[in-house]
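Remarks on the structure that follows.
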Amino acid sequence: MKTNRREFLKLGAALSLAPMLPSNIFANNIDTKLIKDGEVFTAAHWGMLKATIKDGKIISSKPYQELSKISNPLQNTMADLVYKTRITAPMVRKSYLENPDSPKPELRGVDEWVEVKYEDAIKLVARELKKTREQKGMQSVFAGSYGWYSSGKLHNPRILLHRFMNLSGGFTGSLGDYSTGASQVIMPYVVGSIEVYEQQTSWPVVLEHSKVVVLWGMNPISTLRIAWSATDDQGLKYFEQLKDSSKEIIIIDPLWSETGKFFGDKARWIAPRPNTDVAMMLGMAYYLYTSGKYDKDFIANYTTGFDKFLPYLLGKSDKIPKTIKWASKICGVKESVIKNLADTIYANRTMLMSGWGMQRAHHGEQPHWMLVTLASMLGQIGLPGGGFGLSYHYSNGGAPTCVGGVLGGINAASVGVIKDGKYQGLASQASDDEAAQSWLNAGTDYAFPVARIADALLNPGKILEHNGTKITYPDIDFIYWAGGNPITQHQDTNTNLKAWRRPRTIVVNEIYWTPTAKMADIVFPVTTQYERNDLTMTGDYSNQNICPMKQVVERQHFAKNDYEIFSDLCKAYADGLVEAFTEGGKTEMDWLEEFYNVAANAVNANTALGITMPKFNEWWNKNEPTTFAPTLESESWVRMADFREDPILNALGTPSGLIEIYSQAIENMNYDDCAAHPKWFEPAEWLGMKNKPAKFHLITAHPTDRLHSQQNNTSLRDNYAIAGREPVLINAKDAVKLGIKQGDLVRVFNRRGEVLAGAEVSNDIIPGVVRLREGAWYDGFGDGLCKNGCANVLTLDIPTSKLSNGNISHTGLVNIEKYQGNAPKLEAFNAPKGVKNI
Ligand SMILES: Nc1nc2c(c(=O)[nH]1)N[C@H]1C(S)=C(S)[C@@H](COP(=O)(O)OP(=O)(O)OC[C@H]3O[C@@H](n4cnc5c(=O)[nH]c(N)nc54)[C@H](O)[C@@H]3O)O[C@H]1N2
Ligand SMILES: Nc1nc2c(c(=O)[nH]1)N[C@H]1C(S)=C(S)[C@@H](COP(=O)(O)OP(=O)(O)OC[C@H]3O[C@@H](n4cnc5c(=O)[nH]c(N)nc54)[C@H](O)[C@@H]3O)O[C@H]1N2
Ligand SMILES: [Mo]
């Protein structure tokens, strides 16, 4: 290591030292002293937490309150998250350190690493970033940096990265997200809003009025363990109340998930083949239409284009009537079951709740479009307890919105101008500067859909059709990622790895030695959220609490906050930049006070609330959340009730103002993979295809005991690992045929790659389908066999369609066999070559 550091200093000789931000900040009257023995309140995606500290160490963590009896073990792992698998110091990949101009990118993931001084790493990144912008233009810097990082209004690595990248001259970003890539693009054409991140008809209304609740492709008992801000646990509480009610519950899912097990006998299970729901819904629609069991008035008054959809439904346009029989052949569900389902939801007040799994599939625009069409035929949209809801499984959708305050937060600023090594101000204010004006737009011009990352890296200059526009991929030569794990989370890992070996420079801010950190050239060690101070709301739709996220323990090793790393990069990049970035030197606590005041001022101005929020220091020192209450209106709120009441005055945001079963806007795009009305398209790989390239349909559902890849490195893994690996769920009959037993080590593979997994054999999944949850850290550097069962080694990296270009991670076929020979060692949680394990 010593020689390597000397080598670094040789090439870094031109770099001078700049003063760094102090690493611990004390503000007046604000208690930032750490509690060495006692309890600390904080919050995370997985909820409001109490940590027990002894001698300055985390002993345990638990939920702050227990709203429901459904346990959430993600809340108990704080100690592991702080003490395990950490990146201890700034590190640079050896070949990069030796020659950043010719850094042997093909060695990413297998090269040796060298520890460097923080100041030197900062200088190196600033210098190489500047070089890339000068040589290739700002659009060759990709800092989309999608990810789920940690909760917090200040320490938001993605926004901080964007703030730095904007102010220092611009970058290429990304569009949309992995979660709802298809639905968030199609829904605005259909109902005029994105739906997936919007408040749902309030739970108390559902509990009072719905007779039937359909859970269509959703696993809320698992996915409600977290929220984007911090969960308030109300979602789980309401599902408990639903279970205790006398309503009919119908679960439509190829597998009997945690949610199925939670409802047990209370729920009926309908299990279609994966990715065939649209066919099933079409069969239902055909039956309802031809038997006159649909709401003609609703179709006439609140929708447009049903007449243009009918020729397709009835088979007049393609000679294929979408009968129940036709549907049954495709989806594998008995005709009588489909008919009964249609009758049940027609005859009863029904809430069609849907998760997002089925839109993360080839032609993923169609399921929710068809669901809305079906709901329109039922005519219950806008009625209490009727219609559809696309967010009951996520972030406590349907928990009534509280009235109170909403915190401020750090923002991404906008593009700045740097000249002669000096920050000149925002480009938007330099209207006479032509170059500045062109920079202003370049980043947005080049931004591409988030899940096209590998495609973009591999095909600079390629033109992508997207949602009626054409996007040219930039020539990406520099990637900066902070707060995501794309090597584990992006589809078709082997193609992705090739793509990630294209750019000259990759910088990653990470807490742990994740596969993404291992694929970088330079890594900065980052604090966990438990090693810094922040603020968060809970809910996300409810906005029920404002939480202090008080620092729980000392920083570990040489970890820095993202805020400091980007502040220091500003200092190294150009004079005057850090002042813009920090707004004249604001500290952590200065920002938090400001964000708090946004909420507190609103609360204090609203005397009707009967809540006074004290001065920030007083509130902070108490280390407790402030809780707001819902109102009578929010408790009885019904989605689209206003539209139903008056579709002209309260028109939807669609071109017609109505629900669009046919979209002229989409027709005008003339895409071959997304028609102007909902339609059944065969996915690229599925069980009903001719010449199947592999035997089993792979579902890569979201993990119950993780948040994606987060927490794979905690002791929770001991509870679910089988044969020391990520489990793959397989039907008992299939297992017998393959000679596979519960607990066996198996190889799951297709033409895209291979992984090892542990066989979990049961009848909780239909024959022909297997489930390997997303988020197991990729562990195949070197020989390509992932020893940790990373699902994305097997998934397809093609877009949903030209309309939305979403990812299709629930589409794809795999083979499975018992693993022969000695089990290779698991290395997913080891530090890379040249770095000591901790
Ligand atoms: N096969 C398959 N793939 C999928 C999906 C699927 O269903 N199937 N789902 C997709 C979906 S919906 C999503 S949202 C994505 C999620 O993909 P990601 O958001 O990339 O996944 P995470 O594992 O949450 O990665 C977050 C990373 O941020 C780090 N981190 C946490 N806090 C901080 C911080 O303060 N600073 C910094 N610098 N880093 C921090 C964590 O250690 C972790 O490595 O995955 C997608 N991938
Ligand atoms: N514990 C935990 N909670 C989470 C997350 C996590 O990683 N862990 N991730 C969060 C994030 S970022 C997101 S985007 C959401 C994701 O929320 P979702 O997208 O809803 O979650 P998934 O697990 O991908 O899919 C939900 C269900 O759909 C089923 N399914 C898959 N394909 C089909 C199909 O073709 N037809 C039918 N009918 N069903 C199908 C799956 O078997 C699964 O049970 O969850 C959030 N909540
Ligand atoms: Mo997501």
Side-chain angles (χ1 to χ4, degrees), residues 45-46 72 74 81 145-152 155-158 160-161 177-181 196 215-220 222-228 231 251-260 270-277 280 331 354-361 364 367 393-395 450-451 481-491 508-512 514-517 524 526-529 532 561-562 565 683 686 697-713 765 769 771-775 777 790-792 794-795 807 809-812:
H45 289 308
W46 30 88
N72 184 354
L74 299 180
L81 287 170
S145 187
Y146 178 82
W148 260 74
Y149 33 91
S150 300
S151 316
H155 299 290
N156 179 318
R158 189 186 197 207
L160 291 168
L161 169 64
D177 62 32
Y178 278 85
S179 315
T180 62
V196 287
L215 309 183
W216 207 314
M218 69 194 257
N219 182 11
S222 179
T223 55
L224 284 171
R225 283 184 172 187
I226 59 91
W228 174 247
T231 180
I251 292 178
I252 305 178
D253 198 310
L255 56 94
W256 192 240
S257 66
E258 288 71 20
T259 301
I270 298 176
R273 286 183 182 142
N275 297 188
T276 65
D277 302 79
M280 187 159 106
C331 69
S354 173
W356 302 334
M358 61 181 172
Q359 57 88 57
R360 232 174 285 113
H393 69 299
Y394 176 76
S395 291
V450 64
W481 218 286
N485 189 2
I487 297 301
T488 295
Q489 298 303 130
H490 184 67
Q491 289 61 57
V508 168
N509 290 7
E510 248 301 343
I511 305 167
Y512 313 106
T514 63
T516 302
F524 284 108
V526 174
T527 51
T528 64
Q529 58 169 66
R532 61 201 187 206
N561 295 339
D562 292 286
I565 294 167
W686 70 296
H697 193 114
L698 173 70
I699 287 184
T700 62
H702 283 231
T704 303
D705 285 333
R706 292 190 292 267
L707 170 55
H708 312 298
S709 76
Q710 297 185 57
Q711 301 225 5
N712 195 204
N713 54 337
I765 190 160
V769 183
R771 179 199 62 200
L772 184 64
R773 301 175 195 270
E774 55 101 334
W777 292 14
C790 176
N792 278 317
L794 306 163
T795 53
N807 73 91
S809 47
H810 288 322
T811 297

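Counting from 1, the numbers follow the sequence of the chain as shown. Whatever order the structure lists them in is the order used to number ligands and atoms, beginning at 1.
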Is a side-chain donor or acceptor of Asp562 paired with a backbone partner of Ile565 at a separation under 3.5 angstrom?
-> no

Give the contacting part of Asn485 toward ligand 1: side chain, backbone, both or neither, where contact means a heavy-atom distance below 4.0 Å.
-> both

Identify, by atom number and element, the atoms of ligand 2 in contact range of Trp148, meaning under 4.0 Å from any of its heavy atoms.
-> 12 (S)

Asn275 heavy atoms within 4.0 Å reach ligand 2 at atoms 34 (C), 35 (O)

Show which atoms of ligand 1 fall inside a sub-4.0 Å distance from at least one heavy-atom site of Glu510.
-> 27 (C), 28 (O), 29 (C), 41 (C), 42 (O), 43 (C), 44 (O)

Can Glu258 and Asn219 be counted as having a side-chain donor-acceptor contact under 3.5 angstrom?
-> yes

Taking only non-hydrogen atoms of Met358 and a 4.0 Å limit, the atoms of ligand 2 in range are 34 (C), 35 (O), 36 (N)

Give the contacting part of Asp277 toward ligand 2: side chain, backbone, both or neither, where contact means a heavy-atom distance below 4.0 Å.
-> side chain

Element-labelled atoms of ligand 2 that are located less than 4.0 Å from some non-hydrogen atom of Ala701 = 23 (O)

For Leu707, atoms of ligand 1 separated by under 4.0 Å from a heavy atom | 23 (O), 24 (O)

Of the side chain and backbone of Ser709, name the one, both, or neither that has a heavy atom under 4.0 Å from an atom of ligand 1.
-> both

Nearest-neighbour protein heavy atom for atom 42 (O) of ligand 2, which is reported as residue plus atom name and distance = Asp253 OD1, 2.8 Å

Note the single closest protein heavy atom to atom 1 (N) of ligand 1, along with its residue, its atom name and the distance in Å.
-> Asn792 OD1, 2.7 Å

In ligand 1, which numbered atoms sit nearer than 4.0 Å to a non-hydrogen atom of Ile511?
-> 30 (N), 31 (C), 32 (N), 33 (C), 40 (C)

Atom 35 (O) of ligand 1: of His155, Arg532, Glu774, the nearest heavy atom sits on Arg532

With heavy atoms under 4.0 Å as the rule, classify the contact between Thr704 and ligand 2 as side chain, backbone, both or neither.
-> backbone

In terms of atom number and element, which parts of ligand 1 are under 4.0 angstrom from non-hydrogen atoms of His702?
-> 5 (C), 6 (C), 7 (O), 9 (N), 11 (C), 12 (S)

Atom 45 (O) of ligand 2: the protein heavy-atom neighbour that sits closest, reported with distance to 0.1 Å = Thr223 CG2, 3.4 Å

Can you find an N/O atom of Arg360 closer than 3.5 Å to an N/O atom of ligand 1?
-> yes

Run the numbers for me: atoms of ligand 1, each under 4.0 Å from some heavy atom of Tyr512, listed by number.
-> 42 (O)

Quick note on ligand 1: atoms under 4.0 Å from a heavy atom of Gly483 include exactly 26 (C), 27 (C), 28 (O), 37 (C), 38 (N), 39 (N), 40 (C)

Please check if any side-chain donor atom of Tyr149 sits under 3.5 Å from a side-chain acceptor atom of Asn156, or the reverse.
-> yes

Under 4.0 Å from one or more heavy atoms of Pro274, ligand 2 contributes atoms 35 (O)

Output the distance between atom CD1 (Ile270) and atom CG (Asp277), rounded to the nearest 0.5 Å.
-> 10.5 Å

Tell me which part of Gln491 gets within contact of ligand 1: side chain, backbone, both or neither, using heavy atoms under 4.0 Å.
-> side chain

Donor-acceptor pair, His45 side chain versus Trp148 backbone, under 3.5 Å?
-> yes

Is it the side chain (CB and beyond), the backbone, both or neither of His810 that lies under 4.0 Å from ligand 2, heavy atoms counted?
-> side chain

Roughly how far, to the nearest 0.5 Å, is CG of Leu74 from CD of Gln710?
-> 10.0 Å

Counting N and O atoms only, with roles assigned by atom type, does the side chain of Trp686 sit under 3.5 Å from a partner on the main chain of Thr811, one being a donor and the other an acceptor?
-> no

Using atom types as modelled and distance alone, determine if a side-chain donor or acceptor of Thr795 lies under 3.5 Å from a backbone N or O of Gln491.
-> no

shortest atom 26 (C) of ligand 2-to-protein heavy-atom contact is with Gly217 O, 3.6 Å

Would you say Thr795 and ligand 1 have an N/O pair spaced under 3.5 Å apart?
-> no

Is it the side chain, the backbone, both or neither of Trp356 that has a heavy atom closer than 4.0 Å to ligand 1?
-> neither

Would you say Gln529 touches ligand 1, if touching means a heavy atom closer than 4.0 Å?
-> no

Expected output: side-chain Glu774 to main-chain Ser709 donor-acceptor under 3.5 Å = no

Please work out which of the three classes, parallel, tilted or perpendicular, describes the rings of Trp356 and Tyr394, given edges at 30° and 60°.
-> tilted

For ligand 2, which atoms sit closer than 4.0 Å to a heavy atom of Asn219?
-> 44 (O)

Any donor-acceptor N/O pair, Thr231 side chain to Arg225 backbone, under 3.5 Å = no

Inter-residue atom distance Arg771.CZ - Ile765.CD1, 0.5 Å rounding = 6.5 Å

Any idea which atoms of ligand 1 are less than 4.0 Å away from a heavy-atom of Gly147?
-> 19 (O)

Subset of ligand 1 atoms that lie under 4.0 Å from at least one heavy atom of Thr514 = 44 (O)

Give the contacting part of Leu255 toward ligand 2: side chain, backbone, both or neither, where contact means a heavy-atom distance below 4.0 Å.
-> side chain

Ignoring hydrogens and angles, tell me if any N or O in the side chain of Thr516 forms a donor-acceptor pair with the backbone of Ile487 under 3.5 Å.
-> yes

When rounded to the nearest 0.5 angstrom, what is the spacing between CG in Leu224 and CE in Met218?
-> 7.5 Å

Could you check atom 21 (O) of ligand 1 against the protein and tell me its nearest heavy-atom contact, residue, atom and distance included?
-> Gln489 CG, 3.4 Å

Ligand-residue contact atoms, ligand 2 with Ile226, heavy atoms, under 4.0 Å | 3 (N), 4 (C), 10 (C), 46 (C), 47 (N)

Within reach of ligand 1, part of Gln711 (heavy-atom separation under 4.0 Å) = neither

Would Thr700 and Arg360 count as a side chain to side chain donor-acceptor pair (under 3.5 Å) if you check the C-alpha gap in whole Å, the side-chain angles of each, and the deciding distance to 0.1 Å?
-> CA-CA 10 Å; Thr700 62; Arg360 232 174 285 113; over 6 Å; no

Pick whichever of His708, Arg773, Arg158 has a heavy atom sitting closest to atom 13 (C) of ligand 1.
-> His708

Where ligand 2 meets Arg706 - atom numbers and elements under 4.0 angstrom, heavy-atom basis | 1 (N), 2 (C), 6 (C), 7 (O), 8 (N)

At what distance, to the nearest 0.5 angstrom, does CG of Leu794 lie from OG of Ser809?
-> 12.0 Å

Any N/O of His490 closer than 3.5 Å to an N/O of ligand 1?
-> no

Nearest non-hydrogen protein atom to atom 2 (C) of ligand 2, with distance, is Pro703 O, 3.2 Å

If we only count N/O pairs under 3.5 Å, is Asn509 in contact with ligand 1?
-> yes

Is the closest N or O pair between Gln710 and ligand 1 shorter than 3.5 Å?
-> yes

Nearest to atom 25 (O) of ligand 2 by heavy atom, Ala361, Gly357, Gly775, Ser222: which?
-> Gly357

Closest by any non-hydrogen atom to atom 40 (C) of ligand 2: pick that one out of Pro254, Pro220, Ser179.
-> Pro254

Less than 3.5 Å between some nitrogen or oxygen of Asp562 and one of ligand 1, yes or no?
-> yes

Heavy-atom distances under 4.0 Å are what count here, so tell me which part of Thr700 touches ligand 1: side chain, backbone, both or neither.
-> both

